[in-house]
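All remarks here apply to the structure that follows.
Every heavy atom of this structure was used, including side-chain atoms; hydrogens, water molecules and symmetry mates were not. The chains referred to below are lettered A, B, ... by the order of the sequence lines, with proteins before strands, and numbering in each begins at 1.
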Number of protein chains: 4
Amino acid sequence: MGDNTFGTKFKITSFGESHGKVVGVVIDGTPAGLKFDLNYIQSELDKRKPGQSKFTSTRKEQDKVEVLSGIFNSITTGAPICLIIRNQDINSSHYEKSKGLLRPSHIDYVALQKFGDFADYRGSGRFSGRITAGFVMAGAIAKQILNIFNISILAYTKSIGSIEDTEDHSVDNLEHFIRLRENSPVRALDLELSKKMEKEIEISKNTNDSVGGTIRCVINNVPPGIGGPIFNSLESNISKGIFSIPAIKGIEFGAGFKASRMKGSEHNDPWTIKNGKIRTTKNDSGGIIGGISTGMPIVFTLAVKPTSSIGIVQKTVNVKTMEEEDIKIEGRNDPCIVPRAIVVVESIAAIVILDYLLIEGIVPSVLED
Amino acid sequence: MGDNTFGTKFKITSFGESHGKVVGVVIDGTPAGLKFDLNYIQSELDKRKPGQSKFTSTRKEQDKVEVLSGIFNSITTGAPICLIIRNQDINSSHYEKSKGLLRPSHIDYVALQKFGDFADYRGSGRFSGRITAGFVMAGAIAKQILNIFNISILAYTKSIGSIEDTEDHSVDNLEHFIRLRENSPVRALDLELSKKMEKEIEISKNTNDSVGGTIRCVINNVPPGIGGPIFNSLESNISKGIFSIPAIKGIEFGAGFKASRMKGSEHNDPWTIKNGKIRTTKNDSGGIIGGISTGMPIVFTLAVKPTSSIGIVQKTVNVKTMEEEDIKIEGRNDPCIVPRAIVVVESIAAIVILDYLLIEGIVPSVLED
Amino acid sequence: MGDNTFGTKFKITSFGESHGKVVGVVIDGTPAGLKFDLNYIQSELDKRKPGQSKFTSTRKEQDKVEVLSGIFNSITTGAPICLIIRNQDINSSHYEKSKGLLRPSHIDYVALQKFGDFADYRGSGRFSGRITAGFVMAGAIAKQILNIFNISILAYTKSIGSIEDTEDHSVDNLEHFIRLRENSPVRALDLELSKKMEKEIEISKNTNDSVGGTIRCVINNVPPGIGGPIFNSLESNISKGIFSIPAIKGIEFGAGFKASRMKGSEHNDPWTIKNGKIRTTKNDSGGIIGGISTGMPIVFTLAVKPTSSIGIVQKTVNVKTMEEEDIKIEGRNDPCIVPRAIVVVESIAAIVILDYLLIEGIVPSVLED
Amino acid sequence: MGDNTFGTKFKITSFGESHGKVVGVVIDGTPAGLKFDLNYIQSELDKRKPGQSKFTSTRKEQDKVEVLSGIFNSITTGAPICLIIRNQDINSSHYEKSKGLLRPSHIDYVALQKFGDFADYRGSGRFSGRITAGFVMAGAIAKQILNIFNISILAYTKSIGSIEDTEDHSVDNLEHFIRLRENSPVRALDLELSKKMEKEIEISKNTNDSVGGTIRCVINNVPPGIGGPIFNSLESNISKGIFSIPAIKGIEFGAGFKASRMKGSEHNDPWTIKNGKIRTTKNDSGGIIGGISTGMPIVFTLAVKPTSSIGIVQKTVNVKTMEEEDIKIEGRNDPCIVPRAIVVVESIAAIVILDYLLIEGIVPSVLED
């Protein structure tokens, strides 16, 4: 349980609602002695915030991070760090209207079943993608620490609708790609494909529809030996974290579903020696064998469903009358959630990997100068 | 952490090795008052055991379940239940030979990194698929309880290599399919496709190669309202459990990766009323919205990689000499692990769902007559 | 682990520092549908806040509770509730001076060992008794829910220094005593003994010294059958929570240490029938047998050490010079922490008991009208 | 929860019943590379087993430890270790007779409330002190590892009834006392007091009564900085573990309840320098300040209640008739449980401290030669 707490030694607790006062996170287990970089956290939040391009919701939020605890003289103390952003542009008018009418593939019905009539429905409350701002704040701290240990993370838009980047970008120099990605409003690595993806989103937007996509994430320089068989497998804990992000409906590691159509002789990654280190000549295992890191890049790909809030008339049920009715959803919704989810995926990846490294004692609980 | 413990209120702890004395499990949190059905547990184990057909390893094991604790007068007492099977046909000769040579995509290198030189390497020790016999014993108890609450689970072979069953089998009467499946040595539902799948495995076997596949799992009658947003999502906890099964490299819920290529207007499941109950007209959500059950069948699909142990000569490294060498693996390996993994998938699904129902208080801690 | 998170289904996460911006708590697992009573939470905080009498620290804090999340239309939603109080009267001047000099029985040395030089030392930071304001806010919510289920909790000052209330106050009507207690500035039940206890504290205060005491806590109407053998015992979980309160150095249940000098024939509590219910004729077991509630009042007693910050010159070590020096501590310290700790003890008791009742399904996750 | 699982990184799971097939434990998190000393585990079990002296139950059990998993070539592998002892001298005849009659201060009533009619009542089932044999097996492994890190643990009988050893035995050389203690059938350190304590037990035995006592435990050489404020305090986790031992009804750290009658100027432990190390001149804090180890010996004292099973006629209730009746308990019960509990207390202490050291990374997950 611990519905809103995640992690073992690096443990985050999420709170807040989409249209409440704040969205926040308590981050417990950050090593003492880390120079706290508020600007970096802000720059990560900025990648997620709404209104950053024409491809995102028009809700206007500054998403300015505030520190409530855990920092002293701009350095982490080892105490829990509480960070919040305030909700400002709260326009709940659209949401109220739809009470009773169940939005298709949206949370009205399940929220009712779980929380009775009591859930804060405004802007989807706890179910809103806005909650992931807390993951990003925690992830930014995790990334900062991982960087000290030379571990870097890149997520990018692999596909939007039918437009897919099929190239393998799991290379040594992720920094280059991270910079490249920021030139693409949809966070693709190939700028020509980016334009096609943008087009795909625009079409959806203009037709009051939405579109899905896939995200690939690459984690470089995780030392070999992290994870474990069965319940401690890297796949188990990464997927547990990743599926906390709304709209994710699939995950595959390395070759993933393609592996299911392969023979062992194709799929097996031969061991080799490169610069005196044991590596594999290819990486269909996605950097994980037996639940444990091989030292190769950890690679996984995610399926993101199309946003459920669309402006097209849909069939549904009114729970008050128990009769079928039409529904037309208004509101400020993203036609495609993929571009804003990129930084959230990186954040969860960072949180999970840092937790492992703290548990294994590779990252100490006090960072010395 | 708790590398070998899984679950909150229905909690299983795994122990044992492939070529050690036993493989076992402690099951904590089983409600008191359940008529303990040893035969059912045995019948479930029999679906997983080796040597059951020409498509499985030739290792000969009875896999006879023994009760060490938790049962009194053939009824569960509420105490932890310890169940074991003994290892009998232990032929470790092949394994010893390969010491130093890293089998491609196998656990030699990662085990060395994690456990030093100390891991029990015989038959892959803790990494062996044999460990999942413990999941099956625990799962059989979970299934028995879920059946009382009218919840049933079906997993089946959706594809082997390129042969795929594309039909949607998430129907009301799973019992029919469970029986049908037992007529197929590869655990497919369509007996004609089954024959093609068998052929696919035979070809791999005859060429000393292996082949992957996919498994679909359907869970019927989970009440709506189970799960939660973010860290308590059904997807999070199901995937965490599922990736504890060796060789699983991907999971998707409902339409999954296909959803990434869909528009919202296609993907959204319209609400409707059927027999006075709120349902959806289709189920691309896989029975889960916002991390919470909708009351529709929970559906997920898994990617299973081809067995890494193959008899074909492969390139690799000898960690003792740090030189590249060829390796040819001998041993009694499954050419395709999918058919034996079916019951393991159902077991994990049962364990996760029962845990939720116990936590929610839907299944009580004492079962009255 | 989870150094700052406590509980399973009713889970609290503590954050904040004594002289930082805030002290706060995230409360996860509160049932949806509870009418949120901010005034009650404030009245509980008022029992803990400094400056409330001449027997407490002169630090001036309003300790006004603010809600950051989890409440909608004045009702709990089932979402995590974040509550904070702000720190206002921050005078850290005294604390800075003592850097290097280890205050005897104070946290300077252990904080240095655990957090390096990085801990927020102002007002003892995370080690401050002020952190328990978060326990009180969470406890107030827990108490409100327990009251619905007819469970009430009373803690009181059993002794200050050598002045002890030896009467057994574990009676049916705790409400009477709760009111009575509020007439005593030291939170004793016997108003004559209260005066003697006040005198004891005044003497300590006037001599720049401090004094310890004991607290008794009684919980009425916990249904029989809560808890469990070994690791789930009521004693295990109550004590784990209670020792989270600074300055507590001992706990005993029922007859406790006195039981160690008794014979079985004296100590055993005979079963009897009272108003058709099974009860015991006395309660040396403190309402707990085999780790499980008997239905009798749960009774435990705590040892509180004298405040370590005293104004008398003491011998100590300067860690910078590694030489022995004298130290004279200045600051605004309580001469006796017992009176303010009373409400904290009740709060922890409420948190632990509610967690059990939620886990057992006795308190549901949605409170219907 | 996890009613039968305890610990974070060194995690034990208990199973078995007093009169079932076995009593066992799964020990997860033992570092790989430890030379496994079966004889040492047996010697620890022998200190707990019944029938070892005239002061203990006459039940005859060899309590011979068997290894089911986790050991390969006599070395730990990092896999979960399952250890069992078999139950042999099972005479349940006495227990059956008393069905319906509630033994005073015994578990009949609470077991009924918690587990319905289904609990294994024979020999108290899961509530039996025999379950602690699992703690001892796990503790023996923990002690072996702690010894490598120079940490030693001594528990001893501080009092039986009114006979008390008031001397402070928290000295540097615990080994001397451990040997001395083995000369005392009641596990006292002072052999003259031992004789008086033996007498005290004999009197109880001869009058069909029982008697309580106290146990002191000293842990030497725990490095400073272990533990934490609030929920991670050493007192919290030690007490949680200790109260898992049946019959323990109180715990105090350092001066404990005596501290409640002291002034700060008496209780505070002045810091000093000894052999270049920071120490305190006395140890009323019991080696713990702010929940964190000071580097001084960790000292705590336990209250053990008199065995509830006595041969004297007692008043009670028959739950079947709901009428009051007399009861006279027969069976093979210890007149005083203190001597056999000594090794159990040491075991729990070892388990808790090792868990901290693994979490802090002080003990690594692979022990190199």
Check: Any chance CG of B:Asp117 has more than 12 other-residue heavy atoms, nucleotides or ligands included, within less than 6.0 Å?
Finding: no
Item checked: Residue selection (most heavy-atom pairs with chain D, distance under 4.5 Å) from B:Leu68, B:Val366, B:Asp120 -> B:Asp120
Notebook entry, point to check: Hey, is CD on B:Gln62 packed in by over 12 heavy atoms from elsewhere, all under 6.0 Å?
Noted result: no
Check: For D:Val23, is it the side chain, the backbone, both or neither that has a heavy atom under 4.5 Å from a heavy atom of chain B?
Finding: neither
Checklist line | Residue D:Val22 versus chain B: region with a heavy atom under 4.5 Å | finding: both
Check: Among D:Ser365, D:Ala119, D:Gly7, who wins on heavy-atom pairs under 4.5 Å with chain B?
Finding: D:Ala119
Next item on the list: Sort by residue number and list every member of residues 71-85 of chain D having a non-hydrogen atom under 4.5 Å from chain B.
Entry: D:Phe72, D:Ile75, D:Thr76, D:Thr77, D:Gly78, D:Ala79, D:Pro80, D:Cys82
Margin query: Main chain of D:Ser69, side chain of B:Glu17: is a donor-acceptor contact present, judged purely on distance under 3.5 Å?
Written below: no
Checklist line | Steps toward side-chain contact (heavy atoms from CB on, under 4.5 Å) verdict (D:Thr13, B:Asp28) | finding: CA-CA 9 Å; D:Thr13 297; B:Asp28 199 9; 5.7 Å; no
Next item on the list: Over all heavy atoms of both residues, which pair between D:Phe15 and B:Val26 is shortest? Give the atoms and the distance, please.
Entry: CD2-CG2, 3.7 Å
